[in-house]
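Right, one structure below, let's go through it.
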Amino acid sequence: MSELHLVAGGSGFIGSHIVEGLLAAGHQVRVLDNLATGYLKNLAGLDCEIIQADAADKEAAADACKGVSNIFHLAARPSVPWSFEEPRLARHANLGTTEALIYAAEKQGVKRILFSSSSAIYGDSPELPKTEDMEPAPKSPYAEHKLFGEYALAEAAERFGLESVSLRYFNVFGPRQDPSSPYSGVISLFARWLKEGTPPTFFGDGKQTRDFIYVKDVVKANLAAGQVQLSQSARIINVACGKRVDLLELWDTMCRVGGFTGGEPIFQKERKGDVRHSLADIQRAQEELGFQADFALEEGLRRTICSL
Ligand SMILES: NC(=O)c1ccc[n+]([C@@H]2O[C@H](COP(=O)([O-])OP(=O)(O)OC[C@H]3O[C@@H](n4cnc5c(N)ncnc54)[C@H](O)[C@@H]3O)[C@@H](O)[C@H]2O)c1
């Protein structure tokens, strides 16, 4: 059945792919975005309504939620370094948006919020893989804001029965990830450096590991989470491939897949708040959402490099 869904942060990298996925599934889509880090060009050719406003503004959020079934909430400034530099602005963008959208959901009778949370919540504890029941150990204001967002959603479930799924994404990559930002995802930066022939810079020794997931798989997880019957444990779910790769290995793979000869790596000091290793346990995603990533890393990289 066709429903109207709100995508907050829909003109960003992942959000624009979710808009595309919802439209392809036959739904109507409204986007709420203040274009802080998103671009209207990401929505070019997509038949959706666009409201340009701050999702942390309660009344703007409530207006945007009129007639809406689900909110796909991606509105945030997804940067650990920026959250240290501008903690107040980061709180507004990363937690204020969640609070306002919960207010809007209550006011307009929205059924469910699909919250783009983050693996940053797990911090740097040595245990791998990360399971959803682990004690959170956020290392940055960004990670704290995501965790407080999850708590606010749990409280809203108690208070007025709002359904929600917090999807803890690991490292997402794919076409439309913005490489012009110094805070952008590592794959989009690597892709830019490869294209320009710039030697790669590693913060630390390059042996940090990450669990990468292609953006179309993140869309698949969101669409499934919007539809499934929710059990109590489905409220927080890791979204990842369940495999990890270190950054030096990733660089070599990208050189090979793209047919590039990379320059000599430059090593700089580790960045504050960066976690050393990251790997998801994906059993809950499989059990609750029937989710399994479709794209292997190399295939995702090929598509990302081709899109440049
Ligand atoms: N990219 C990743 O690897 C990753 C990993 C974990 C979690 N996430 C989360 O996924 C979501 C999307 O990330 P992305 O990589 O697509 O980033 P992005 O910066 O491309 O998208 C974020 C979007 O939110 C919008 N936005 C920011 N503040 C807003 C506000 N106050 N009101 C309205 N819109 C606002 C931006 O303009 C942008 O369009 C974020 O919530 C992020 O924290 C991303």
Side-chain angles (χ1 to χ4, degrees), residues 12-22 24-25 42 74 78 114 116-120 122 128-132 165 167-179 184-195 200 202 206-228 237-262 265 275-308:
F13 157 50
I14 305 170
S16 61
H17 285 275
I18 291 181
V19 171
E20 216 170 70
L22 287 168
N42 287 341
L74 299 101
L114 295 314
S116 290
S117 187
S118 170
S119 62
Y122 294 115
L128 293 176
K130 307 294 185 197
T131 57
E132 292 87 345
V165 184
L167 296 160
R168 289 183 179 168
Y169 306 158
F170 280 62
N171 287 71
V172 188
F173 72 100
R176 301 205 280 268
Q177 193 161 26
D178 182 9
S184 192
V186 62
I187 289 182
S188 70
L189 290 175
F190 279 9
R192 191 184 78 191
W193 292 335
L194 281 170
K195 217 175 124 194
F202 293 92
K207 288 284 179 193
Q208 306 92 314
T209 55
R210 296 289 180 267
D211 188 337
F212 291 102
I213 179 156
Y214 187 60
V215 67
K216 293 291 179 202
D217 281 322
V218 175
V219 173
K220 187 168 106 162
N222 269 275
L223 265 55
Q227 283 176 346
V228 291
I237 299 182
N238 288 340
V239 176
C241 279
K243 296 186 182 120
R244 65 183 170 134
V245 60
D246 77 45
L247 299 187
L248 289 168
E249 218 180 315
L250 172 71
W251 172 256
D252 288 344
T253 309
M254 288 183 70
C255 290
R256 181 166 45 75
V257 167
F260 300 104
T261 27
V275 301
R276 178 85 184 146
H277 296 296
S278 184
L279 173 70
D281 183 302
I282 53 169
Q283 195 180 340
R284 190 178 289 180
Q286 288 167 347
E287 287 173 3
E288 299 287 350
L289 305 179
F291 173 79
Q292 181 97 39
D294 288 333
F295 292 87
L297 178 64
E298 285 207 19
E299 178 55 21
L301 291 175
R302 191 166 292 115
R303 288 173 180 239
T304 306
I305 292 169
C306 280
S307 73
L308 295 172

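Checking side-chain atoms of Asp281 against main-chain N and O of Pro129 turns up no donor-acceptor pair under 3.5 Å. Judged by distance alone, the side chain of Asn238 and the main-chain N or O of Tyr169 form no donor-acceptor pair under 3.5 Å. Using a distance-only test at 3.5 Å, with no hydrogens or angles considered, no donor-acceptor pair links the side chain of Gln286 to the main chain of Gln292. Under the 3.5 Å distance criterion, the side-chain polar atoms of Asp211 are matched with a main-chain donor or acceptor of Gly242. Side-chain atoms of Asn222 come within 3.5 Å of backbone N or O of Val218 as a donor-acceptor pair.
Annotation for Pro200 and Trp193: closest pair CA-CE3, 3.6 Å, computed over non-hydrogen atoms. The two atoms that bring Pro175 and Val215 nearest to each other are CD-CG1, 4.3 Å, heavy atoms only. A pairwise comparison of heavy atoms in Leu247 and Phe212 identifies CD2-CZ, 4.2 Å as the closest pair. Shortest non-hydrogen contact noted between Phe173 and Leu301 is CE1-N, 3.6 Å. The minimum heavy-atom distance linking Glu288 with Val228 is given by the pair O-CG1, 3.7 Å. In this structure, Phe202 and Pro265 approach most closely via the heavy-atom pair CE1-CB, 3.5 Å.
Considering only heavy atoms from C-beta on, Tyr214 stays 4.5 Å or farther from Asp294 through its side chain. Using a 4.5 Å heavy-atom threshold, the side chains of Ser278 and Phe170 count as touching.
At least one cation-pi condition fails for Arg303 and Phe295: the charged atom is not both under 6.0 angstrom from the six-membered ring centre and inside a 45 degree cone around its axis.
Using cut-offs of 30° and 60° on the angle between ring planes, the pair Phe13 and His17 is perpendicular.
In this structure, CZ in Phe291 is found 10.5 Å from CD1 in Ile237, a value given to the nearest 0.5 Å. Distance check, rounded to the nearest 0.5 Å: CG of Leu74 to CG of Leu114 gives 9.0 Å. Note that the OG atom of Ser118 and the CG atom of Asn171 stand 8.0 Å from one another [nearest 0.5 Å]. The distance from the CZ atom of Arg210 to the CG atom of Leu279 is 11.5 Å, given to the nearest 0.5 Å. For the atom pair Gln208 CD and Leu250 CG, the distance stands at 11.0 Å (nearest 0.5 Å). In this structure, CG in Leu308 is found 9.0 Å from CG in Leu194, a value given to the nearest 0.5 Å.
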task: Report the C-alpha distance between Lys130 and Arg168 in whole Å, list the side-chain angles of each, state the deciding distance to 0.1 Å, and finish with yes or no for side-chain contact (heavy atoms from CB on, under 4.5 Å).
output: CA-CA 11 Å; Lys130 307 294 185 197; Arg168 289 183 179 168; over 6 Å; no
task: Go through Arg244 and His277 one step at a time and tell me if the side-chain contact (heavy atoms from CB on, under 4.5 Å) criterion holds.
output: CA-CA 9 Å; Arg244 65 183 170 134; His277 296 296; 3.5 Å; yes
message: Ile305 vs Phe260, test: side-chain contact (heavy atoms from CB on, under 4.5 Å). Steps then yes/no.
response: CA-CA 11 Å; Ile305 292 169; Phe260 300 104; 4.1 Å; yes
- request: Please step through side-chain contact (heavy atoms from CB on, under 4.5 Å) for the pair Ile14 and Gln177, ending with a clear verdict.
  value: CA-CA 8 Å; Ile14 305 170; Gln177 193 161 26; over 6 Å; no
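Annotation: side chain to side chain donor-acceptor pair (under 3.5 Å) contacts involving residues 248-260, sequence neighbours excluded, comprise Arg256-Glu298.
Taking 4.0 Å as the cut-off between side-chain N and carboxylate O, Arg302 and Glu299 count as a salt-bridged pair.
No hydrogens or angles considered: a donor-acceptor pair under 3.5 Å links the side chains of Arg176 and Ser16.
Within a 6.0 Å sphere centred on NZ of Lys216, other residues, nucleotides and ligands contribute more than 12 heavy atoms.
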